[in-house]
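One structure below.
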Amino acid sequence: MATLLIFSAIFALIAVVLVFPFSEKKLKEAGKQNSTTKAKTFLSLFLLIWVITAIFFYITKRDMNASIYWPAFLLAALGGTMTARGKERLAKGLVFLAALGFAGYMLTAPMWNAGEKYASSKMAQKTEIEPFDERETPASVPPKFARNKMKKSFGQVPNASYYQLGNLQIQKVNGKYVYIAPVEFSGFFKWLKGGETPGYFVMSATDASDNPKFIKQRMVYTPSSYLQKNLERHIRLQYPKKIFYGDPQVEVDNNGKPYYIRTFGHFISARNGFKADGIVLIDPKTGAMKSYSLKNAPAFIDGAVSPEAVSLQNSYFGKYVHGYWNSLFGKRDVKLPTDEGTEANVSPIFDDKGTMYYFTDFTSPKKDVDSMLGYSLTNARTGKAVYYTGDLQESYMDSQGNLQIVEKKFIEKKWKGSMPILYNFYGEASWLTPVLDSNGFLQTYFIVSAANPEISVNAATPNAALKLYKIALQHGGSSVDGSSRADTKTVSGKVLRVYKEKSGDYTDISFLLDNKQNFTVSSDTVPLAIYLKEGDLVKVTYLNTGETFLPVKGMEIRGLE
């Protein structure tokens with residue numbers, strides 16, 4: 001608080017010096033005020049500006065760096081130039097010209113620092129869809145559905161009428177992927193009565209049947225608190241000069257204790273643009289705070305870089321590849337991040353090592369084009385990103401095109417897709433999309449090939465949809481090899497059991513070998529597999545996906561070659 005008052009006083013003093021007319025000529029024309037009157041007027045104006053400035057910073061919670069004052073200094077210098085006379089007018093006129101030049105510098109920054117923005121967001125580029133494949137458990141519960149379930153469980157909260165559900169975040173706690181949502185105050189008078197919030201909700205991000213659990217944890221400093229207990233104000237008063245970007249987020253350690261974090265960084269130039277540098281960690285019970293660089297952030301924190309900061313970096317990378325003017329007119333090589341993400345236009349997702357990334361797909365700036373140009377994965381702890389183009393010989397559908405297919409598929413039921421994520425399923429770039437009804441409840445999971453939209457399936461669970469999708473890929477002429485990280489292996493053995501099932505124009509065959517491995521193959525892939533019977537000796541080439549039924553790429557049946 002002391003910093004705020006001192007900072008406001010310095011500004012008020014400079015502003016009064018610029019505005020107040022000191023020249024004698026001007027004073028005589030105004031009624032020949034004496035020195036005492038001058039001093040009183042100067043002091044009154046100083047106090048007025050000081051109070052207004054202090055209130056402004058207290059309410060807005062803006063950073064207290066000198067560069068924030070340039071609009072006010074410009075106006076003060078202009079007013080002082082107009083009211084002064086003689087040499088004082090000349091001096092203040094020069095100050096005004098300097099302020100005007102600085103204003104031009106600040107206002108034109110987006111036009112000349114586009115190259116710096118692009119350089120700050122530049123990503124390594126790869127072709128293969130690498131980090132996510134069919135062996136991983138996707139965080140398949142959409143946040144909208146999780147939020148609905150938490151609202152219906154709000155009766156677990158003591159004095160529930162005082163509170164409302166806060167922002168939802170996905171994270172890993174004790175090796176499990178969960179949604180965390182803090183309980184927040186529902187208004188000023190509820191804060192006056194309650195004083196503190198009672199805790200947070202937790203729910204699985206991978207199991208739609210899981211029920212939310214309310215965890216009791218006292219939190220005094222929250223985003224919905226007021227005055228000195230307001231979290232953002234509490235942070236600002238402790239760190240008056242830090243540049244923050246994005247909303248505060250809840251992170252829970254492995255003991256279940258909640259913390260708030262907020263991402264800070266620096267302007268690219270001229271108070272324009274943003275690059276993340278670290279976080280401030282706050283204990284909401286005591287208000288204790290500590291800042292960390294991104295590389296030194298505590299291990300339990302998954303999303304050190306705010307989704308808002310990642311979304312901003314994505315826009316720099318897509319728009320400014322050839323500078324500012326090209327982003328407006330020529331648009332050569334420009335690509336736009338889509339807005340289908342679940343948090344600030346990006347979607348959090350975890351890899352097989354438990355590291356969180358923000359996913360965003362990019363599309364063309366041309367209207368009515370739903371072709372994906374690529375997608376980015378940004379490490380949520382470090383901010384480092386990789387841009388994946390996919391197979392350059394193929395055209396991939398973007399997330400918006402995928403959602404349109406989902407909507408048309410269930411047009412009669414009025415179901416809509418939520419949280420589309422691009423995965424590598426059996427070597428095929430594929431969109432996995434949870435589908436919600438009009439009330440926000442999860443109804444099915446939809447998988448569609450990004451390269452071949454005519455290949456699609458839906459089922460009640462992700463695993464069930466994957467099994468159907470594997471068969472659909474074989475029937476659709478696609479293969480189950482390619483860019484998947486699953487190894488191709490060969491095994492020979494004797495068939496112990498066989499199960500055949502008609503699927504459209506083809507037959508799906510599942511069989512068990514004497515090595516206790518199960519396989520599945522379509523007659524579309526291996527036509528002679530329809531003759532397979534118990535006791536046959538076979539040589540099987542398959543994809544080692546780690547599933548119960550392994551997909552067959554090729555098979556030889558002794559006696560039928």
Side-chain angles (χ1 to χ4, degrees), residues 117-118 120-132 136 138-140 142-144 167-171 205 245-247 249 263 265 273-276 302-321 327 331 333-351 355-366 369-390 395-404 406 417-424 429-434 448 450:
K117 290 177 180 176
Y118 178 75
S120 72
S121 64
K122 200 167 183 180
M123 305 179 189
Q125 297 199 28
K126 294 185 180 180
T127 299
E128 184 179 353
I129 300 171
E130 191 175 83
F132 308 105
E136 296 164 15
S140 52
K144 185 177 180 180
N167 293 332
L168 204 70
Q169 282 98 226
I170 188 173
Q171 52 199 265
Y245 196 86
D247 295 328
Q249 298 187 93
T263 303
F274 179 82
K275 182 69 175 178
D302 296 306
V305 183
S306 68
E308 293 88 349
V310 173
S311 184
L312 190 66
Q313 295 298 310
N314 284 334
S315 69
Y316 294 161
F317 176 75
K319 288 172 58 178
Y320 298 135
V321 58
S327 71
K331 297 186 178 181
D333 298 328
V334 168
K335 43 194 174 286
L336 301 179
T338 62
D339 57 1
E340 306 300 340
T342 59
E343 294 184 21
N345 298 331
V346 298
S347 294
I349 192 168
F350 289 85
D351 69 2
T355 302
M356 192 168 91
Y357 291 84
Y358 291 113
F359 167 87
T360 312
D361 63 312
F362 290 73
T363 190
S364 170
K366 294 181 180 178
V369 175
D370 59 7
S371 177
M372 185 182 74
L373 301 180
Y375 72 93
S376 66
L377 289 174
T378 305
N379 188 301
R381 278 183 60 87
T382 67
K384 293 182 179 179
V386 178
Y387 182 72
Y388 294 85
T389 62
S395 177
Y396 294 110
M397 172 178 59
D398 65 16
S399 59
Q400 295 172 339
N402 163 64
L403 292 177
Q404 290 171 5
V406 173
S418 176
M419 195 180 75
I421 299 292
L422 190 71
Y423 286 90
N424 178 356
S430 311
W431 289 103
L432 170 65
T433 309
V448 61

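Values reported hereafter were calculated over all heavy atoms of this structure, with side chains retained and with hydrogens, waters and symmetry mates removed.
Listed by chain and residue number, nothing satisfies the side chain to side chain donor-acceptor pair (under 3.5 Å) test with S364 (two or more places apart in sequence, or in another chain). Listed by chain and number, the residues in a side chain to side chain donor-acceptor pair (under 3.5 Å) with K117 are N272 (sequence neighbours excluded). For Y387, the ring pair (Phe, Tyr, Trp, His ring centres under 6.0 Å) partners two or more places apart in sequence, or in a different chain, are F317, F362. Under the side chain to side chain donor-acceptor pair (under 3.5 Å) criterion, T433 pairs with N402, sequence neighbours left out. Residues passing the side-chain contact (heavy atoms from CB on, under 4.5 Å) test with A380, sequence neighbours excluded: M356, Y358.
Note that CG of N379 and NZ of K384 are 8.5 Å apart. Values are rounded to the nearest 0.5 Å. Distance CG/L422 to CE/M397: 9.0 Å, rounded to 0.5 Å. If you take CG on D361 and CD on Q400, they are separated by 7.5 Å, rounding to the nearest 0.5 Å. Between the OG atom in S430 and the OH atom in Y423 there is a gap of 11.5 Å [rounded to 0.5 Å].
Of all the heavy atoms in I170 and E343, the pair that sits closest is N-OE2, 4.0 Å. For the pair K335 and P337, the tightest heavy-atom approach, listed with the atom from each and the gap, is O-CD, 3.9 Å.
Within the 4.5 Å cutoff, side-chain heavy atoms of L403 are placed close to those of E340. In this structure the side chain of L373 never reaches within 4.5 angstrom of the side chain of Y396, judged on heavy atoms. Between W431 and I421 there is no side-chain heavy-atom pair separated by less than 4.5 Å. Looking only at side-chain heavy atoms (C-beta outward), T389 and Q125 come within less than 4.5 Å of each other. You'll find the side chain of Y357 reaches within 4.5 Å of the side chain of D351, heavy atoms only. Side-chain contact between V334 and L336 is present, with heavy atoms from C-beta onward closer than 4.5 Å. Counting heavy atoms from C-beta on, the side chains of T342 and P348 come closer than 4.5 Å.
Using modelled atom types, one finds a donor on one side chain and an acceptor on the other under 3.5 Å when comparing S395 with S371.
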Please determine whether side chain to side chain contact (heavy atoms under 4.5 Å, CB included) holds for the pair T355 and F350, giving the CA-CA distance in whole Å, both sets of side-chain angles, and the decisive distance to 0.1 Å. CA-CA 5 Å; T355 302; F350 289 85; over 6 Å; no
Anything under 3.5 Å between a donor and an acceptor, one on a side chain of residues 302-315, the other on a protein residue two or more places apart or in another chain? List them.
from : atom 1 : to   : atom 2 : distance (Å)
D302 : OD2    : K172 : N      : 2.8
S306 : OG     : Y245 : O      : 3.0
S306 : OG     : A309 : N      : 3.2
E308 : OE2    : D247 : N      : 3.4
S311 : OG     : A344 : O      : 3.1
Q313 : NE2    : F274 : O      : 2.5
N314 : OD1    : S376 : OG     : 3.2
N314 : ND2    : V310 : O      : 3.4
N314 : ND2    : T360 : OG1    : 3.0
S315 : OG     : L312 : O      : 2.6

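Close placement of the Y375 and F359 rings is indicated, their centers lying within 6.0 Å of each other.
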